[in-house]
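Data block below; observations after.
Not measured: the values here are computed from a predicted model.
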Amino acid sequence: MQDQDARNESSLPAPYQSPWEALRQDLPAAAADLRLRLQELWRRNREGDLSTPGFWPQDLAPLFWPVLLLVLLLVLSLGVIQLRGALNATEDDSVPVVERIRTTPLPEARPLTAEPESLQDSVDAPAMSHQQEPLAPAQPEPVASPSLQLDPPILQVDPLLNLLAEVDAGGAGSAGLLQSARPVPAENAAVLLVDTGRWSALPPSVRLQRAESWWRTLQDQGYDAITVEDVDQHLLARPARVGGGMIMFDPSPSP
């Protein structure tokens, strides 16, 4: 009976032991063994028992392995430094540097006052007659009528408008289409005003062609953006923020 109980106890499974717990228990023994092996290696190197190449002097045998380890560490450090420099250079070359040239926008248009020809002729006529007939009695100067009103000057200088008008010269429906071109220096942009009726009468393809032609011309002059509006300040076209070309908007119906 006792022999059967002993056989039953021996057939029971072994108790479970965590491998991590076993590793923790073995770490001190492994560290002590490693320390003893390093001490033995250091003693053998000091006594000259470790193998050395034939060209190395036997008297300097204890210095061979320390010098070799030092050289390997220096080579490894230099390799890491060169690899890091190569990676930094590759990252710098992968990002292209775009140089942007900003030009000075065209000045705003200023009207120039012109002296009416009728008034100039009336002033020059008495002087010319006085030079030709010095002996004739002086004629009384004409008195201007109070009801006479001078017309406002009609001469205007708009370099930006003239530039865009030259680009559209000869195009269908170009006469009188673009009414003004106003630069906005604070935003490096320009606002183009078009005639609402003439713009609405153009086919959509012709509107897109005109807007893109104006945008290309202003880009060559250094402008960053333009807007095409009607006289009521309704937005008709602007450059696309992603990609290229112009985004067109339907003109507002005439009241």
Restricting to side chain to side chain donor-acceptor pair (under 3.5 Å), what partner residues turn up for Asp230, sequence neighbours left out? His234
Would a 4.5 Å heavy-atom cut-off, applied to side chains only, mark Pro66 and Asn45 as touching? yes
Heavy atoms only: give me the nearest Ser51-Trp65 pair and the separation to one decimal. O-NE1, 3.2 Å
Clusters formed by hydrophobic residues whose side-chain heavy atoms approach within less than 4.5 Å: which one holds Ile247, and what are its other members? Leu235, Phe249
Donor-acceptor list for residues 67-85 side chains, cut-off 3.5 Å, not counting sequence neighbours:
from  : atom 1 : to    : atom 2 : distance (Å)
Ser77 : OG     : Leu73 : O      : 2.9

Residue pairs meeting ring pair (Phe, Tyr, Trp, His ring centres under 6.0 Å), one or both in residues 39-62, sequence neighbours left out, come to Trp56-Phe64
Side chain to side chain contact (heavy atoms under 4.5 Å, CB included) involving Glu212 - partner list, sequence neighbours excluded: Leu208, Arg216, Met246
Find the distance between CZ (Arg44) and CD (Gln39) and round it off to the nearest 0.5 Å. 14.5 Å
All heavy atoms of Met248 vs all of Trp199, minimum pair found to be CE-CZ2, 3.7 Å
Which value, rounded to the nearest 0.5 Å, describes the distance between Arg207 atom CZ and Arg210 atom CZ? 12.0 Å
Taking transitive links into account, so neighbours of neighbours count too, which hydrophobic residues share a cluster with Tyr16 at under 4.5 Å side-chain distance? none
In the hydrophobic clustering that connects Ile, Leu, Val, Met, Phe, Trp and Tyr at side-chain heavy-atom distances below 4.5 Å, which members other than Leu27 occupy its cluster, ordered by chain and number? Trp20, Leu23
By side chain to side chain contact (heavy atoms under 4.5 Å, CB included) - contacts of Pro203 (at least two apart): Ser205, Val206
Test: side-chain hydrogen bond (donor to acceptor under 3.5 Å, both in side chains). Region: residues 26-36. Which pairs qualify, not counting sequence neighbours? Asp33-Arg37
Could you list the residues that satisfy side chain to side chain contact (heavy atoms under 4.5 Å, CB included) with Leu193, not counting sequence neighbours? Ser180, Val191, Glu229
Would you say Gln233 has more than 12 foreign heavy atoms packed within less than 6.0 Å of its CD? no
Any non-hydrogen side-chain atom of Trp215 less than 4.5 Å from a side-chain atom of Leu192? no
Could you work out, with side chain to side chain contact (heavy atoms under 4.5 Å, CB included) as the rule, every residue matching Ala190, not counting sequence neighbours? Leu160, Leu218, Tyr223, Ile226
Determine, stepwise, if the pair Gln179 / Val231 fulfils side-chain contact (heavy atoms from CB on, under 4.5 Å). CA-CA 9 Å; Gln179 294 187 347; Val231 293; 3.3 Å; yes
Could you check whether any side-chain heavy atom of Leu177 comes within less than 4.5 Å of a side-chain heavy atom of Leu202, counting everything from C-beta outward? yes
Checking the side chain of Ser213 only, and the main-chain atoms of Gln209 only, is there a donor and an acceptor separated by less than 3.5 Å? no
Distance in Å, Leu60 CG paired with Thr52 OG1, rounded so as to fall on 0.5 Å steps: 10.0 Å
